[in-house]
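What you are looking at is a predicted structure, and each value in this text was computed from that prediction instead of being measured. In what follows, chains carry the letters A, B, and so on, assigned in the order in which the sequence lines appear, proteins first and then strands, with residues in each chain numbered from 1.
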Protein chains: 2
Amino acid sequence: MDKSLQIAEARLPLDPNQEDRAQSIRDSLRDAIVDRRLAPGTKLSEAEVGTLFDVSRTVVRAALQMLAFEGLVKVERNRGAFVSDPTPEEALQVFASRRLIEPGIIAAVIERVTPADVSAFRSHLAAETRHKQERGAAARRAEIKASGDFHLMLAAVAGNAILQKFMDELVARSSLVIALYGRSGASSCGHNDHADLLDAVEAHDVPRAQALMLRHIGHIEADLDLRVKAGLTLKDALAI
Amino acid sequence: MDKSLQIAEARLPLDPNQEDRAQSIRDSLRDAIVDRRLAPGTKLSEAEVGTLFDVSRTVVRAALQMLAFEGLVKVERNRGAFVSDPTPEEALQVFASRRLIEPGIIAAVIERVTPADVSAFRSHLAAETRHKQERGAAARRAEIKASGDFHLMLAAVAGNAILQKFMDELVARSSLVIALYGRSGASSCGHNDHADLLDAVEAHDVPRAQALMLRHIGHIEADLDLRVKAGLTLKDALAI
DNA sequence: CAGAAATGTTTTGCATCCAATATAGCCACA
DNA sequence: TGTGGCTATATTGGATGCAAAACATTTCTG
């Protein structure tokens, strides 16, 4: 009951705009979950989170409900909210969903992309490769986050708010899955799929871009080791 | 402030399982919105809904928040919740999203469908055509709802919980859009796309089923008249 | 000593209460 | 008579309090 929840920015991020504190709490928690600063299964006690952010349980509850809708948190009646702990089954469904949606997004992107967008992508890519070369857990986190952001940027350019929301959810869930099942941590070992993808986009080559997207998703998925899960539960039951 | 909100089942549906009253309120409101018993733009006052279902505002808020996540309700800070009133732009995005997702779903369905599923589809189809032949607003509502349910059944058979959730949202939004912009009301005038689709599924003909699905979505979209919206806002500004 | 029952503690679910904000009604004034 | 500002009212945002459920601990019993 001490300093258990390591949400880093605790107490500090006094809502910038002062409006919609639930939203900003959601964002902080979401970042913490996606960054794996909060391990799957961690209990998110309303009171604890509340004191941490210095708000009442009411607003915490709203934030947790939002996260539950995105699938990042699972609430059990009368038991509380827990950082969700996707099964291998769910992990596969996440990527199956992305395989459906992202090729469509990339097509829309090619239809609508502007030179300004392209340069934004390029500078993002530069930051990504920078993270990839650095060492340490922090850099790894930044890399995973940046990688997800690339896909979110694509979704934004595609110009469909609904699909953008779906991608938001899928990218967050993917990060969680990668954090859980990712082998080694080098999620995109060797490949630099994003750069290739961007080239195809710039060339307005839809089929090629779509193929690259599918290949990219395949790469991410191939880096997962979905067996471990059973062992983890076992270990959980025995030790820690 | 009298009997304003016509949610029909008001006060009666005392939660069957007694658990999660917010969920059942959400379901009632959702049905009412999709059925167009609650017109787009209608204000959903927390207090009013609360008395109607005989719960406190707290739980109503939770229900409204859920609906907001699905896009069926729009909440404006310090102003309250309103049945959402999709713009033509949003309407197009709904169908663009379905065009991406549903062909994938139909492919998954063909991979996993069982004879039991097929017969369930058949009996559902029978009910659908029955509604189509009846007259009156109630039958029309039932027809729209049944039509949406067909797509939801497909999503269920596809076996991907995430996509199923997305389809849930998309179907609900579609119903709202059809209610708003649907020409004449005969949403599927003449065609019986669902039957054809089911035939293709039964024949395990993926390309054909996908093509039929796209054509079907096209039919629905073709029945919309997306111009009116501007006129409505104008009329809104003047009268009522 | 093991397992079950009971008791105390913690945490959630929900109703209620208060302050802040928006809406509506009213009056003054040009 | 119409417009602008002011007061009153209604409604939301959010904190608090209380009952019930889950959980942990201790005590009792075979």
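Going from atom CD of B:Glu76 over to atom C1' of D:dT11 covers 14 Å, rounded to whole Å. Atom CG in A:Leu44 sits about 14 Å away from atom C1' in C:dT12, given to the nearest Å. Put simply, CZ on B:Arg21 is 8 Å from C1' on C:dG13, counting in whole angstrom units.
Side chains of B:Ser28 and B:Asp31: a donor-acceptor N/O pair is absent below 3.5 angstrom, by distance only.
Residues satisfying the salt bridge (Lys or Arg N to Asp or Glu O under 4.0 Å) test with A:Arg36, not counting sequence neighbours, are none. Qualifying side-chain contact (heavy atoms from CB on, under 4.5 Å) partners for A:Glu90, counting only residues two or more places apart in sequence or in other chains: A:Pro86, A:Thr87. For B:Arg99, the side-chain hydrogen bond (donor to acceptor under 3.5 Å, both in side chains) criterion is met by B:Glu221, not counting sequence neighbours. Under the side-chain contact (heavy atoms from CB on, under 4.5 Å) criterion, A:Asp149 pairs with A:His124, A:Lys145, A:Leu152, sequence neighbours left out.
Taking only side-chain atoms of B:Asn78, from C-beta outward, the nucleotide of C:dA22, C:dT16, D:dT11 with the closest atom is C:dA22. Side-chain proximity of B:Glu46 to the nucleotides C:dT12, C:dA15, D:dG13 is greatest for D:dG13. Which of C:dG13, C:dA15, D:dT12 sits closest to the side chain of B:Lys43 comes down to D:dT12.
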Enumerate donor-acceptor pairs with a distance under 3.5 Å from any side-chain N or O in residues 66-75 of chain B to protein atoms, sequence neighbours excluded.
residue, atom, partner, partner atom, Å
B:Glu70, OE1, B:Arg26, NH1, 2.9
B:Glu70, OE2, B:Arg26, NH1, 3.1
B:Glu70, OE2, B:Arg30, NH1, 2.3

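OP1 or OP2 of D:dT11 has not a single side-chain nitrogen or oxygen of B:Arg77 nearer than 4.0 Å.
Less than 4.0 Å separates DNA chain D from at least one heavy atom of each of the following residues of residues 57-66 of chain B: B:Arg57, B:Arg61.
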